[in-house]
Every structure is written in structure tokens, then in C-alpha cells.
2 protein chains.
Amino acid sequence: MKETAASILSSLADQGFRMTKLRKAIAGIFASNCLPLSADELMGLLRSGETAFNRATVYREIAFLKEQGVIQEIQFLHERVKRYELASLDHHHHLVCLRCNRVEDIVLENDLVEQEKSILKSKGFKVTNHMLEFHGICRGCL
Amino acid sequence: MKETAASILSSLADQGFRMTKLRKAIAGIFASNCLPLSADELMGLLRSGETAFNRATVYREIAFLKEQGVIQEIQFLHERVKRYELASLDHHHHLVCLRCNRVEDIVLENDLVEQEKSILKSKGFKVTNHMLEFHGICRGCL
DNA sequence: CAGTTTAATGCAACTAAGTTGCGTTTGTCA
DNA sequence: TGACAAACGCAACTTAGTTGCATTAAACTG
């Protein structure tokens with residue numbers, strides 16, 4: 001399910017939210033960037049467009065898109081910044097190279113749904129989300 | 001393998017590092033605290049002791065203990081702070097309750113070693129570490 | 001198309017979490 | 001006991017993100 005900038009914007013518009021320059025620009029960036037972006041990287045990409053946007057506004061737009069379930073937050077272990085990617089991507093995890101910092105998506109064979117069910121049974125803990133990142137050395141850096 | 005403050009300190013001393021007040025206090029805290037502590041929580045616990053320690057020094061000691069492999073860093077998705085726990089604990093993951101923030105340790109039945117092997121084969125990526133946290137609602141909050 | 005409304009914006013000041021430079025203290029060993 | 005480097009305290013700084021408030025601009029209304 002590859003989401004486009006237009007489909008993101010129209011689903012927001014359906015809910016009565018405005019279609020602003022910034023929102024259009026950010027939707028375009030997320031729709032064409034499959035790797036998780038930090039707020040700073042996002043601002044860099046925005047800066048290369050025509051309009052300049054304020055830092056606070058960009059952070060507020062990120063918070064808004066997260067709240068609306070358009071993007072999801074990711075936190076890598078070795079980093080201090082939060083990252084964001086489209087929430088509509090197929091469920092996957094990340095391989096993070098500690099040498100070159102490159103991030104690769106990975107879809108696991110046996111996902112963690114079974115694990116989560118057994119956690120509910122054994123611990124009474126209802127898992128709503130999980131976060132799994134592999135850290136190591138990528139093919140190019142080995 | 002339950003590590004004691006004394007065993008941590010003596011293994012550091014063997015390598016020629018000093019046995020300072022702060023180091024002793026922190027080793028004691030980690031040895032008797034099985035849940036991951038933030039720098040700030042650690043400083044709170046230290047403050048309840050007799051000597052006052054400086055923030056910068058505590059951060060430097062954390063960096064040192066991490067470097068020496070005594071403690072390991074953990075990052076929860078919903079938090080901004082880094083947390084630390086003894087690296088010698090048996091391999092486990094965490095259940096983080098989004099309501100009460102309580103953290104529970106969990107040992108998974110089938111760990112991710114097989115997964116990591118298959119990642120090496122299929123992607124040429126050598127996993128050295130992974131990070132898996134489950135987020136949800138705990139028994140008490142359900 | 002002008003007027004109105006309120007979401008969205010920009011600015012500046014602030015906070016949290018951690019880092020750095022540098023001069024001083026202290027644990028350890030000769 | 002003296003020397004020396006590891007460890008320390010202080011203050012100033014950085015990074016990443018947040019907040020209050022006054023202003024602007026989408027989008028609807030007549």
C-alpha cells in the first residue's frame with residue numbers, strides 16, 4: 001500500500017484540516033522518502049524548496065501528523081533524535097549500520113504477533129506496539 | 001549471574017581503574033536495582049546518600065561504565081532520556097506500560113538469535129545487538 | 001467576491017538532557 | 001611521602017524540542 005502525497009492530504013482534508021504549503025511539502029517528502037527522517041533532516045529537505053518554514057511550525061506539523069496516524073515515530077538506540085516514517089508502510093523493522101549509519105528496512109519471516117499473544121496470556125500485559133531495531137555492520141562496511 | 005557491587009568494582013580495579021566514592025555508590029545502585037535507571041534517577045538515588053556528586057561527573061561515570069561494558073544503554077520509544085541497566089543481566093526485553101510507565105522485564109521463549117543468523121545470510125548484515133521493547137497496558141492498568 | 005472564523009504560522013524565549021574545557025583534587029603506586 | 005594521571009567540580013555551551021502570544025491565511029458563508 002504505497003501512499004501518495006495526494007492521498008495523505010485528501011484524507012486529512014476529509015476531516016476538515018487545511019491544506020497548507022507546509023503540509024503539502026511534508027506530505028510530498030514522506031511519500032517519496034522510504035527511510036525514517038529526523039526533524040532536522042526534514043527541515044533540510046524543506047529548505048531546499050521555495051518557502052522557508054519555521055522550526056516550531058515544523059515540529060508542530062510533525063506532532064499533528066503523528067497524532068493523525070499519518071506518520072510514526074522511531075527511536076534508534078545510538079541516536080538522540082526521533083525519526084519519522086509513513087505509518088502506512090508494511091510492518092517492518094530496521095537494520096542500522098553502526099559504521100556508516102545507513103538504515104535498511106527488513107520484514108521478518110515470523111513476526112511478533114504470536115509473541116504478543118503469549119505475553120497477554122502469561123503476563124496480562126496488552127501489547128499495543130513494539131519496537132525492534134537490529135544494530136550491526138552492513139554488507140558494505142563488513 | 002547476579003553481579004554484585006564488589007564484583008563490578010574488583011573487575012574494574014583489575015584493569016587499573018580507581019575505586020572512587022562515586023564509582024562505589026553507582027556500582028551499589030546498579031547491583032541492587034534491576035530496572036533501567038535514567039541519569040536523573042541515578043542522581044536522585046545518589047543525592048540520598050551522604051556525598052553530593054556533580055552532574056557532569058555522573059554523566060562521565062555513566063559513559064565510562066558503558067564503555068567498560070558494565071552497563072548497557074536502553075532507549076524507550078516514548079521517552080527522551082536514555083536509561084541504563086547492568087549489562088550482565090540475562091538477555092531480556094521490556095514491557096513498558098504507557099499508562100503507569102512501569103517497566104517489567106521479559107524473557108522471550110524463542111529469542112532472536114535465529115532471526116539474526118538469517119539476516120546475515122539474506123542481507124549480509126552482521127547484527128551485533130538488537131533492541132526490542134513492547135509497549136502497551138499492564139495488568140494493573142487494564 | 002468580501003467578510004469571518006479559526007487553524008496554522010512566526011518569533012522569541014524557554015526547557016530538558018547531556019557535553020566540554022579547564023583548573024583542582026585525590027587514589028594509587030613507586 | 002611524593003608524583004602523576006584518573007577523576008572531579010564548576011560554569012558555560014549545545015542539541016533537540018516546546019510554549020505563549022500576537023499575526024497570517026485557508027476555507028467556509030452570505
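Keep in mind that the numbers below use all heavy atoms, side chains included, and drop hydrogens, waters and symmetry copies. Protein chains get the first letters and strands the later ones, always in sequence-line order, with residue 1 at the start of each.
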**Q** Would you say C:dA17 has OP1 or OP2 under 4.0 Å from some side-chain N or O of B:R55?
**A**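 For C:dA17, neither OP1 nor OP2 has a side-chain N or O of B:R55 closer than 4.0 Å.
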**Q** 5'-most contact on DNA chain C: A:A56 or B:R83, nearest heavy atom basis?
**A**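 Looking at DNA chain C, the more 5' nearest nucleotide goes with A:A56.
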**Q** Could you state the CZ-P distance from B:R18 to C:dT26, rounded to the nearest angstrom?
**A**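 Nearest whole value for this atom pair: 11 Å.
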**Q** To the nearest Å, how far apart are A:M19 CE and C:dA7 P?
**A**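 It works out to 19 Å between those atoms.
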**Q** Find the distance A:N54:CG to C:dA7:P and express it as a whole number of Å.
**A**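 My rounded result for the distance is 19 Å.
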**Q** Do A:K126 and A:E116 meet the salt-bridge criterion of a basic N to acidic O distance under 4.0 Å?
**A**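 No.
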**Q** Starting at atom CZ of A:R23, determine the distance to atom C1' of C:dA7, rounded to an integer number of angstrom.
**A**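 Rounding to the nearest Å, CZ of A:R23 and C1' of C:dA7 are 8 Å apart.
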**Q** Looking only at N and O atoms, is any donor in the side chain of B:R60 or the base of C:dT19 less than 3.5 Å from an acceptor on the other one?
**A**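 No, the side chain and the base share no sub-3.5 Å donor-acceptor pair.
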**Q** Would you tabulate the side-chain donor-acceptor contacts of residues 131-142 of chain A under 3.5 Å, counting partners in other chains and residues two or more places apart, or write 'none'?
**A**
| from | atom 1 | to | atom 2 | distance (Å) |
| --- | --- | --- | --- | --- |
| A:E133 | OE1 | A:H94 | N | 3.4 |
| A:E133 | OE1 | A:H94 | ND1 | 3.1 |
| A:R139 | NH2 | B:K123 | O | 3.0 |

**Q** Which nucleotide span of DNA chain D, 5' end to 3' end, has atoms closer than 4.0 Å to non-hydrogen atoms of chain A?
**A**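 Terminal contacting nucleotides, 5' to 3': D:dT15 to D:dA27.
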**Q** Inspect the contact between B:E41 and B:R83 and indicate whether a charged nitrogen and a carboxylate oxygen are less than 4.0 angstrom apart.
**A**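 A salt bridge is present here (some side-chain N lies under 4.0 Å from a carboxylate O).
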**Q** Quickly work out the A:I62 CD1 to C:dA8 C1' distance and round it to whole Å.
**A**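 Answer to the nearest Å: 15 Å.
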**Q** Between B:H91 and B:H93, what is the ring plane arrangement, given parallel below 30°, perpendicular above 60°, and tilted in between?
**A**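 Plane angle over 60°, so perpendicular.
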**Q** Could you tell me whether the side chain of A:Q75 and the main chain of A:E79 form a donor-acceptor pair under 3.5 Å?
**A**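 Flag set: sc A:Q75 to bb A:E79 pair under 3.5 Å.
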**Q** Report the distance from atom NZ of B:K21 to atom P of C:dT25, rounded to the nearest whole Å.
**A**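 About 14 Å, once rounded to whole Å.
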**Q** Across the strands shown, which category fits A:T20 at heavy-atom distances under 4.0 angstrom: base, sugar-phosphate, nothing?
**A**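 Since only primed, P, OP1 and OP2 atoms lie under 4.0 Å of A:T20, the category is sugar-phosphate.
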**Q** Looking only at heavy atoms, which two atoms of B:V96 and A:F125 are closest? And how far apart?
**A**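 Distance-wise, the nearest heavy atoms are O-CZ, 3.3 Å.
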**Q** How is B:A52 classified with respect to the nucleic acid when contacts are heavy atoms under 4.0 Å: base, sugar-phosphate, or nothing?
**A**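 Sugar-phosphate contact only.
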**Q** Rounded to whole angstrom units, what separation is found between the CG atom of B:L42 and the C1' atom of C:dA16?
**A**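 B:L42 atom CG is separated from C:dA16 atom C1' by 17 Å.
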**Q** About how many Å separate CZ of A:F76 and CG of A:L98, when rounded to the nearest 0.5 Å?
**A**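 The CG atom of A:L98 sits 11.0 Å away from the CZ atom of A:F76.
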**Q** Grab the OH-C1' distance between A:Y59 and C:dA8 for me, whole Å please.
**A**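 That distance rounds to 18 Å.
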